[in-house]
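Below is one structure, written out as structure tokens, with a few remarks after it.
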Amino acid sequence: MPPSPPQDAPSNDTTRSASAIVDELRSTFDEHFDPAERSDPGAITVAYAPGRVSLIGGHTDYNDGFVLPTTIDRAIFVALRRRSDAMVHLCSLNMEEAVAYALHDPPFDDLPGWAQYAAGVAQELRQQTDIPSGFEGVIYGNVPIGAGLSSSAALEVAVALGLDALFGLDLDATATARLCQTVEHQYAGVECGIMDQMAARLGRSGHALALDCRTLDVEHVPLPLDDAALVIADSRVSRELADSKYNERRAECEKAVAFFRQFDHQVKALRDVTPALLEGHGARLPDHIHRRARHVVRENERVRAGVDQLRRHQLEGFGRLMDASHRSLRDDYAVSTSELDALVEAAQATPGVFGARMTGAGFGGCIVCLVRSDAVAALRQRLTDRYVESFGRVPGLYTVQRNLEATVC
Ligand code: GLA
């Protein structure tokens with residue numbers, strides 16, 4: 001396919017502060033609803049949850065393994081108010097769409113995608129607890145949609161947090177992440193792991209989130225972004241294939257698990273396959289299944305090593321692990337694209353870059369680079385030049401210096 005002509009779209013890197021967005025949602029809330037319909041106007045609750053990048057640990061979460069995501073400085077915001085009836089009225093400022101339906105009977109098939117997520121969260125909550133009335137809400141986000149930065153997990157978590165605060169549900173944080181993962185499985189049809197929802201709910205400003213996806217134990221590891229930054233480059237390649245290929249990778253991992261269980265019945269997931277077991281028997285698997293297993297086993301080791309490097313503020317060592325993670329995702333797990341590879345190579349060749357890798361599910365989406373602050377401008381320029389030269393268009397670029405955490409205001 002010939003490269004498309006250069007796009008004029010700006011490499012949008014500036015975003016308003018979360019508090020400015022919260023204030024605006026509050027002050028403009030009434031404009032979106034008909035006051036005549038409300039008998040009992042109550043307080044407005046605003047909640048937001050951030051998008052995430054995975055620093056290391058690709059495709060390990062659904063193998064019961066280890067991950068190390070961090071949140072970004074962009075979020076999905078939800079402003080909510082109780083209604084005196086049992087109706088739900090929601091509008092999305094990004095999509096310029098509004099929906100209205102009965103809380104007890106959401107017409108899922110007729111709702112647009114963003115509203116399905118919101119209705120799915122409420123529906124799952126209703127299975128566990130009583131939501132005593134309808135509600136109305138305004139949703140706005142500045143997490144790029146469909147770029148692999150988990151805008152959907154951010155939306156789910158923001159809605160769950162908002163409803164929790166609005167109705168005093170007293171939800172546990174980990175249980176909230178699990179509930180949101182269920183919504184993704186049931187209403188979006190993607191058998192995702194737990195990383196995105198845990199990151200959106202439990203990620204902390206100034207930290208990365210070391211997560212054991214089997215036990216759901218978390219450690220908040222300081223991410224020293226004083227002299228360093230994260231630069232995210234969006235390949236802007238459509239992720240159409242992502243869902244089907246994602247489910248295919250999961251199935252391949254299950255085949256590998258069944259194979260290794262013959263030699264050790266304790267193997268329940270690829271997390272349990274030791275390097276020795278892999279070395280001893282892996283070569284008897286079909287080549288592509290062997291590669292998938294090798295990626296997961298070694299990636300789990302890299303995450304543990306990476307957490308250790310980060311605890312010791314060793315960004316050089318951490319960056320080398322990011323580079324190795326990308327090679328493994330490209331060569332063994334086969335989820336990268338030529339666009340992502342070109343961006344990663346351009347980043348790795350830039351002085352001051354500690355490391356770079358694709359992030360998220362792959363088949364399009366973004367890369368993440370850990371870079372010295374004084375090299376950010378040069379990196380952004382090089383990523384743009386390289387992308388225009390090879391693919392005839394500019395990447396989306398986002399520099400993260402201060403990440404957000406899920407908040408109720
Ligand atoms: C997507 C999924 C996550 C995780 C990553 C790959 O983001 O939603 O659960 O599997 O891909 O690491």
Side-chain angles (χ1 to χ4, degrees), residues 18 22 43 45-52 54 57 60-62 64-72 75-82 88 103 106 116-133 135 137 139 141 143 150-188 190-221 269 271 307 403-409:
V22 169
T45 297
V46 186
Y48 62 87
R52 65 94 191 92
S54 154
T60 43
D61 61 349
Y62 54 84
D64 273 5
F66 303 94
V67 291
L68 186 68
T70 185
T71 56
I72 61 174
I76 306 290
F77 299 76
V78 179
L80 294 171
R81 179 163 59 192
R82 285 184 187 225
V88 176
L103 172 66
Q116 286 183 5
Y117 285 116
V121 170
Q123 189 76 345
E124 288 300 311
L125 282 173
R126 286 185 51 243
Q127 319 249 335
Q128 301 182 4
T129 182
D130 179 42
I131 296 186
S133 74
F135 54 89
I139 299 174
V143 182
S150 287
S151 56
S152 60
L155 172 58
E156 292 147 13
V157 170
V159 171
L161 265 186
L163 291 176
D164 182 9
L166 192 67
F167 295 114
L169 306 178
D170 201 17
L171 300 177
D172 168 75
T174 301
T176 302
R178 275 190 197 278
L179 180 140
C180 293
Q181 182 196 24
T182 305
V183 171
E184 196 83 38
H185 289 184
Q186 298 201 344
Y187 301 90
V190 181
E191 290 293 310
C192 67
I194 190 75
M195 171 173 73
D196 304 342
Q197 291 76 14
M198 285 292 281
R201 178 63 189 89
L202 284 112
R204 205 179 264 176
S205 289
H207 295 76
L209 185 79
L211 168 66
D212 178 333
C213 297
R214 174 169 278 168
T215 62
L216 298 189
D217 287 341
V218 300
E219 177 188 341
H220 297 279
V221 187
R271 144 71 167 276
V307 170
N403 62 327
L404 293 173
E405 60 188 41
T407 303
V408 177
C409 321

Practice item. Quick one: pull up CG in Leu169 and CG in Leu161 and give me the separation to the nearest 0.5 Å. Key: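 Reported value, rounded in 0.5 Å steps: 11.0 Å.
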
Revision key, fill the gap. Distance col, row Leu125:CG vs Asp130:CG, nearest 0.5 angstrom, shows 11.0 Å

Review point. Do Asn403 and Ser205 get their side chains close enough for a donor-acceptor pair, meaning under 3.5 Å?
Key: no

Check your understanding: Have Thr71 and Glu405 got a donor and an acceptor in their side chains that come within less than 3.5 Å?
Key -> no

Point to revise | Pairs involving residues 192-210, ordered by first then second residue, that meet salt bridge (charged side-chain N to carboxylate O under 4.0 Å, His left out) (sequence neighbours left out) | key: Arg52-Asp196

**Study point:** All pairs passing salt bridge (charged side-chain N to carboxylate O under 4.0 Å, His left out) where residues 211-221 contributes a residue, at least two apart
**Key:**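 Listed by first then second residue: Asp64-Arg214, Asp212-Arg271, Arg214-Asp272, Glu219-Arg311.
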
Closest heavy-atom pair and its distance - [X], [Y]:
X	Y	result
Gly193	Asp61	CA-OD2, 3.2 Å
Ala154	Ala49	CB-O, 3.3 Å
Val67	Gly57	CG1-O, 3.6 Å
Ser151	Ile76	O-CG1, 3.7 Å
Leu166	Ala43	CD1-O, 4.4 Å
Leu211	Met195	CD2-CA, 4.3 Å

Point to revise | salt bridge (charged side-chain N to carboxylate O under 4.0 Å, His left out) against Arg126, all qualifying residues, sequence neighbours excluded | key: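 Per chain and number, Arg126 pairs via salt bridge (charged side-chain N to carboxylate O under 4.0 Å, His left out) with no residue.
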
Check your understanding: Can you list the steps and then say if Leu68 with Leu209 is a side-chain contact (heavy atoms from CB on, under 4.5 Å)?
Key -> CA-CA 5 Å; Leu68 186 68; Leu209 185 79; 5.8 Å; no

Sub-4.5 Å side-chain heavy-atom contact between [X] and [Y]:
X	Y	result
Gln181	Ile194	yes
Phe135	Leu163	yes
Ser133	Phe167	yes
Phe77	Val22	yes
Val78	Val46	no

Check your understanding: What's the verdict on side-chain contact (heavy atoms from CB on, under 4.5 Å) for Leu179 and Val121, showing C-alpha distance, side-chain angles and the deciding distance?
Key -> CA-CA 7 Å; Leu179 180 140; Val121 170; 4.2 Å; yes

**Study point:** Result of checking Val157, Leu404, Thr70 against Pro50 for side chain to side chain contact (heavy atoms under 4.5 Å, CB included)
**Key:**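 Of Val157, Leu404, Thr70, side chain to side chain contact (heavy atoms under 4.5 Å, CB included) with Pro50 is met by Leu404 alone.
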
Review point. Which one of Glu124, Glu156, Met198 satisfies the side chain to side chain contact (heavy atoms under 4.5 Å, CB included) criterion with Cys180?
Key: Glu156

Is the backbone of [Y] close enough, under 3.5 Å, to the side chain of [X] for a donor and an acceptor to pair up by distance?
X	Y	result
Thr407	Tyr48	no
Thr176	Asp172	yes
His185	Cys192	yes

Check your understanding: Given the rule in the side-chain contact (heavy atoms from CB on, under 4.5 Å) test, do Arg178 and Gln197 qualify, once you have shown the distances and angles that lead to the verdict?
Key -> CA-CA 7 Å; Arg178 275 190 197 278; Gln197 291 76 14; over 6 Å; no

